[in-house]
Amino acid sequence: MAKIQKKGKKGNAANFITRQQALKKLQISLADFRRLCILKGIYPREPRNKKKANKGSTAPATFYYTKDIQYLLHEPLLNKFREYKTFARKLNKVLHKGEYSTAKSLEDNHRPIYSLDHIVKERYPSFVDALRDMDDAISMLYLFSKMPTDSKIKAKMVKDCQRLIAEFQAYVAKSKSLRKVFFSIKGIYYQAEIKGQTITWIVPYQFAQDVPTDVDFRVMLTFLEFYTTLMGFVNFRLYNELNIAYPPKLDDTGNLNLGALPASMRNDGEDVAPETTLDEFKTVGNAAEGEEEAESEDVATLRKIQEHSQEVSSLQHLFSKCVFFLSRETPRYALEFMITSCGGQVSWDPTVGANPPYAEDDERITHQISDRPKVNNRVLSRAYVQPQWIADCINARKILRPSLYEPGNTLPPHLSPFVEAKEGDYVPEGIDEEDNAEGSGAEEEEEEEETGAAAEAENEEDEYERELKAEAAGVTFSEYQSPAEGKKSAKGKKRTATDVEEAERKEMAHVMMTNKQRKLYEKMKYSNQQKADEVAKLERKKKALKKAKN
């Protein structure tokens, strides 16, 4: 006789547990439970059948995996949380009695101290795993490094964030790992490549920050506590691989002096793999006979690697022959980082920062970055550009024409390097296209050709619609085709057999659709048409602006 299975001991009822049941099982408060879940990376789950998971109840509830809660039962932080509650009760009792000396002694000697090192090692077994998860960590550290201190955000926490991001930024600059830059409304987006992993983060502008009142800072500070520990591990590993003592020394302002780092950090692009010549690869590949296809694929892969390596190498030395000076109205914190990451030399106005490497009247300066409508007392031997020029050069992987970025001029479009344009999307003209379009009528001819192509496509669509209407009216295809056989399209082309076959195939596919597929197809056509109309509108606007400018 089979064993009778009890209700609630198998399936969703056994695999899931409600939050209230988890609190009862762990014997901790809701705040400590949330904090522990954030640190351990445990999140609520959505069962397929909530009623079965809740043992027949339809009351709203938050569910977790039972195995995750069992995993939390052995967490050492649970004992630390309980010890801290005991300590808080003792401290509160002493303070109510007015025994302040006893309270100070209790605070200094008996306050529970815990570490998150073991959690970082559990969640990230390898260094590459930690690098893959650095985007959110760096962005949050930059955010809190600009926040004002108050009762919620402690000064020590802000100072730790500033120190960690200064160390990481110094490593990226001196290892020349920066790949992309974009100025947005939210802040400055950066992307670096470290150990083969791309890391993208955002840096807020240095404006006065208003602390919002509708944000639960307890949750954010818990994330920040974990990210601070993680960032310390990552920085230690990066500096240790370069044989540099960690932590490095900071200057008087709390920032890392990029020019005062050891010589071992000033090498050029240690993250770039050594290049292998094509002849060497062919020598190795010819050793395996009878594998020509595999060898050709390997050769193509090697060529891609070499092209990427050459592109990265050119970016790392992009500003190696340039000497920059930053005017006092420009953001030094961003421009110095970009320039040094691409091998350039940079100095600044004394009002922006202490100890500039060279003065404004130095004859070595080739470019001066200014953000004013007009620059007086210019030096003829140097070029004057706006800050966007630095970011556009990095994204284009080459030195662009400084005359397009003169102070006071209308800047070229600043396109995001993180967005890949799809077919049919509106893409503003790049800088190279603008240069080629000046003083030539090639653009007008191109627009005429595009207009002709659009008219041809429209005529073909109209012809297809007429064919469908004729078929619905009972006219055979041969009767419809015979009077129109000699007719030509807008470009003087007859309908070929391939066109007729393609039209029939589309018609048959449309007829064979189900109602659900047909509705989805109509929605797709509508959305595509809206997108095309928006692109055409922007194209007309661009054309009108060019005519007005000319």
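Please read these numbers as outputs of a predicted model, since none were measured by experiment.
Under the 4.5 Å side-chain criterion, counting only non-hydrogen atoms from C-beta, D362 is not in contact with S347. In this structure, the side chains of T222 and R34 stay at 4.5 Å or more apart for every pair of heavy atoms. Annotation: side chain of R179 is in contact with side chain of Q316 (closest heavy-atom distance under 4.5 Å). A heavy-atom distance below 4.5 Å is found between the side chains of E241 and K195. Residues I339 and L326 are in side-chain contact: their nearest non-hydrogen atoms beyond the backbone lie under 4.5 Å apart. L221 places a side-chain heavy atom less than 4.5 Å from the side chain of M157. Residues M338 and F324 fail the side-chain proximity criterion, which asks for heavy atoms closer than 4.5 Å. Side chains of Y205 and P331 form no contact here, defined as non-hydrogen atoms less than 4.5 Å apart.
Closest approach of S145 and Q162 over heavy atoms only: O-NE2, 3.1 Å. Closest heavy-atom contact between L400 and A396: CD2-CB, 4.1 Å. In terms of heavy-atom proximity, Y239 sits nearest to P248 at CE2-CG, 3.8 Å. Here the shortest heavy-atom pairing between V323 and R364 reads CB-O, 3.3 Å. Between P402 and V385, the closest heavy-atom pair is CB-CG1, 3.6 Å. Closest approach of C161 to F144, counting heavy atoms only: SG-CB, 4.0 Å.
Within 6.0 Å of the CD atom in E363, the count of heavy atoms belonging to other residues, nucleotides or ligands does not exceed 12. More than 12 heavy atoms of other shown residues, nucleotides or ligands fall within 6.0 angstrom of atom CG in D117. Other residues, nucleotides and ligands place more than 12 heavy atoms under 6.0 Å from the OH atom of Y114. For R328, the CZ atom counts as loosely surrounded, since its 6.0 Å shell holds 12 or fewer non-hydrogen atoms of other residues, nucleotides or ligands. Annotation: F236, atom CZ; neighbour count of heavy atoms from other residues, nucleotides and ligands within 6.0 Å does not exceed 12. Heavy atoms from other residues, nucleotides or ligands lying under 6.0 Å from CG of N376 number more than 12. Around atom CG of L545, more than 12 heavy atoms belonging to other residues, nucleotides or ligands sit under 6.0 Å away.
Salt bridge R218/D216: present, at least one basic N to carboxylate O contact under 4.0 Å. Salt bridge present: D129 and R132 bring a charged side-chain N and a carboxylate O closer than 4.0 Å. Using a 4.0 Å cut-off between charged side-chain N and carboxylate O, K104 and D108 make a salt bridge. With salt bridges taken as basic N to acidic carboxylate O contacts below 4.0 Å, none links K537 and D533. Here R163 pairs with E167 in a salt bridge; the nearest charged N to carboxylate O distance falls below 4.0 Å. A salt bridge is defined here as a Lys NZ or Arg NE, NH1 or NH2 lying under 4.0 Å from an Asp or Glu carboxylate O, and E539 with K542 meets this definition.
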Verify ring pair (Phe, Tyr, Trp, His ring centres under 6.0 Å) between Y190 and Y142, making sure each step is shown before the conclusion.
CA-CA 12 Å; Y190 297 102; Y142 269 101; 7.6 Å; no
Worked check of side-chain contact (heavy atoms from CB on, under 4.5 Å) between D136 and F223
CA-CA 10 Å; D136 293 338; F223 277 103; over 6 Å; no
Can you check side-chain contact (heavy atoms from CB on, under 4.5 Å) on K321 and I399, steps first, answer last?
CA-CA 11 Å; K321 297 181 181 179; I399 300 294; over 6 Å; no
Given side-chain hydrogen bond (donor to acceptor under 3.5 Å, both in side chains), test E522 with Y526 step by step and report yes or no.
CA-CA 6 Å; E522 295 297 331; Y526 179 75; over 6 Å; no
Check step by step if side-chain contact (heavy atoms from CB on, under 4.5 Å) holds for K159 and K154.
CA-CA 9 Å; K159 190 174 181 180; K154 306 298 182 183; over 6 Å; no
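Y124 OH to L131 CG: the interatomic distance, rounded to the nearest 0.5 Å, is 10.5 Å.
Of the listed residues (E329, Q386, R378, E406), just one forms a side chain to side chain donor-acceptor pair (under 3.5 Å) with S370, and that residue is E329. For the side-chain contact (heavy atoms from CB on, under 4.5 Å) with I199, the qualifying choice from V172, I138, D133 is I138, the only one to do so. For the pairing with H367, the ring-ring contact (aromatic ring centres under 6.0 Å, His included) check across Y384, F325, W389, F319 returns one residue only, W389.
Q169 and Y333 are not linked by any side-chain donor-acceptor pair at a separation below 3.5 angstrom, with hydrogens and angles left out of the test.
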